[in-house]
Structures are given as structure tokens and as C-alpha cells.
Amino acid sequence: MTEICTVIAIFTPKPEFAAEVKKLLLRITPLVHEEPGCELYALHQDVEGRLIFVESWTTRELWITHCEAQTVTDINAGVAGKLQRDIEVYELYNLPAGSTGKGTISA
């Protein structure tokens, strides 16, 4: 695929590791911004304490390259044993609708 790849990655830390996991993800975020194809890599926190990356990659291939990068290896090692469940990852492709600019995520 050559279209923009949007990804949602959800981390659900165990309460006793919430601050540590958040610190790790915030530390690695600027490194990911430098990876080829990264158009958006933004960490969010929901009201239940889950940490959620909203990502946008130029192509699926560049996202796959990111998945094999040292940053992802470091994230996986850093969260090992500290999450309530496996990281949830959703790979998405836009279905534009409605007003120009409001029916799609743009970086």
C-alpha cells in the first residue's frame, strides 16, 4: 500500500508502573519523530490511564520498518511485565467523508 498508514497503539499499564511506562514512551517519542516516514507520532492519555499513540506513516512499508526499529525494541523491553494486557495495535486506512480536512487525520 502506498497510502497514509494510520496506527493506534494502546498501552494499559499496571497501576504501579503507570508513571514509569509513561516516562518511557515520552522519552522515545522524539526519537521516533526522526524515523523515515513518520508524519505523526503523538502520545495521549485517556481518563482510565491508558496511554495511546496516534501515529501516521507515509506508507505501510515505512510503518513496518518502524516496527522493526530500535525504538520499538526499546519500548517492548521497557514495558515487559508492566502492562495489564498486550499492547493493542490497530492499522487503519482513511475513508474520507464530509467536509474537506475534517474527514481525515492529517499530520
Side-chain angles (χ1 to χ4, degrees):
M1 297 183 121
T2 58
E3 62 187 297
I4 296 291
C5 176
T6 301
V7 176
I8 305 296
I10 303 172
F11 297 74
T12 307
K14 294 177 181 175
E16 63 271 26
F17 296 112
E20 182 180 342
V21 170
K22 183 169 147 180
K23 182 178 178 181
L24 168 73
L25 299 179
L26 287 169
R27 180 180 60 79
I28 290 177
T29 294
L31 303 174
V32 175
H33 290 164
E34 300 303 316
E35 293 179 15
C38 179
E39 296 192 16
L40 175 70
Y41 194 79
L43 186 61
H44 297 75
Q45 186 168 16
D46 74 5
V47 296
E48 296 177 10
R50 291 178 294 197
L51 298 162
I52 303 166
F53 276 118
V54 178
E55 309 175 29
S56 184
W57 296 88
T58 305
T59 64
R60 182 177 197 272
E61 291 75 19
L62 289 171
W63 173 60
I64 295 298
T65 299
H66 158 71
C67 292
E68 299 165 352
Q70 187 63 48
T71 52
V72 174
T73 300
D74 292 347
I75 288 171
N76 289 332
V79 302
K82 298 174 183 163
L83 302 178
Q84 293 181 28
R85 62 180 58 89
D86 290 342
I87 302 165
E88 299 171 72
V89 178
Y90 301 94
E91 177 183 354
L92 312 167
Y93 295 90
N94 192 43
L95 301 172
S99 301
T100 302
K102 293 186 180 184
T104 187
I105 296 174
S106 61

Membership question, hydrophobic clusters at under 4.5 Å side-chain separation (ILVMFWY): are [Y] and [X] in the same one?
| X | Y | value |
| --- | --- | --- |
| Val21 | Ile87 | yes |
| Val89 | Phe53 | yes |
| Val72 | Leu24 | no |

Just jot down the side-chain hydrogen bond (donor to acceptor under 3.5 Å, both in side chains) partners of Glu34, sequence neighbours excluded, or say none.
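Glu34 satisfies side-chain hydrogen bond (donor to acceptor under 3.5 Å, both in side chains) with no other residue.
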Is atom NZ of Lys82 surrounded by more than 12 heavy atoms (other residues, nucleotides or ligands) closer than 6.0 Å?
yes
Other residues, nucleotides, ligands: >12 heavy atoms within 6.0 Å of Asp86 CG
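Incorrect, the count does not exceed 12.
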Could you grab the distance from atom [atom1] of [X] to atom [atom2] of [Y], nearest 0.5 Å is fine?
| X | Y | atom1 | atom2 | answer |
| --- | --- | --- | --- | --- |
| Leu62 | Ile4 | CG | CD1 | 9.5 Å |
| Trp63 | Glu68 | CH2 | CD | 10.5 Å |
| Trp57 | Glu35 | CH2 | CD | 4.5 Å |
| Ile10 | Arg50 | CD1 | CZ | 6.0 Å |
| Ile75 | Ile28 | CD1 | CD1 | 4.5 Å |
| Thr6 | Glu39 | OG1 | CD | 9.0 Å |

Run Ile8 and Val54 through side-chain contact (heavy atoms from CB on, under 4.5 Å) and show every step you take.
CA-CA 5 Å; Ile8 305 296; Val54 178; 4.0 Å; yes
Considering all heavy atoms, the nearest [X]-[Y] contact:
| X | Y | answer |
| --- | --- | --- |
| Ala18 | Leu51 | O-CD1, 4.5 Å |
| Pro13 | Gln84 | O-NE2, 3.1 Å |
| Val7 | Cys5 | CG2-SG, 3.8 Å |

Output yes when Lys14 and Glu16 qualify as a salt bridge under the 4.0 Å nitrogen-oxygen rule, no when they do not.
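Not counted as a salt bridge, because no side-chain N and carboxylate O are separated by less than 4.0 Å.
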Would Leu26 and Leu43 satisfy side-chain contact (heavy atoms from CB on, under 4.5 Å), going step by step from the backbone distance to the final call?
CA-CA 7 Å; Leu26 287 169; Leu43 186 61; 3.7 Å; yes
Is there a donor-acceptor pair closer than 3.5 Å between any side-chain N or O of Glu55 and the backbone N or O of Leu40?
no
Do the ring planes of His33 and Tyr41 sit parallel (below 30°), tilted (30 to 60°) or perpendicular (above 60°)?
perpendicular
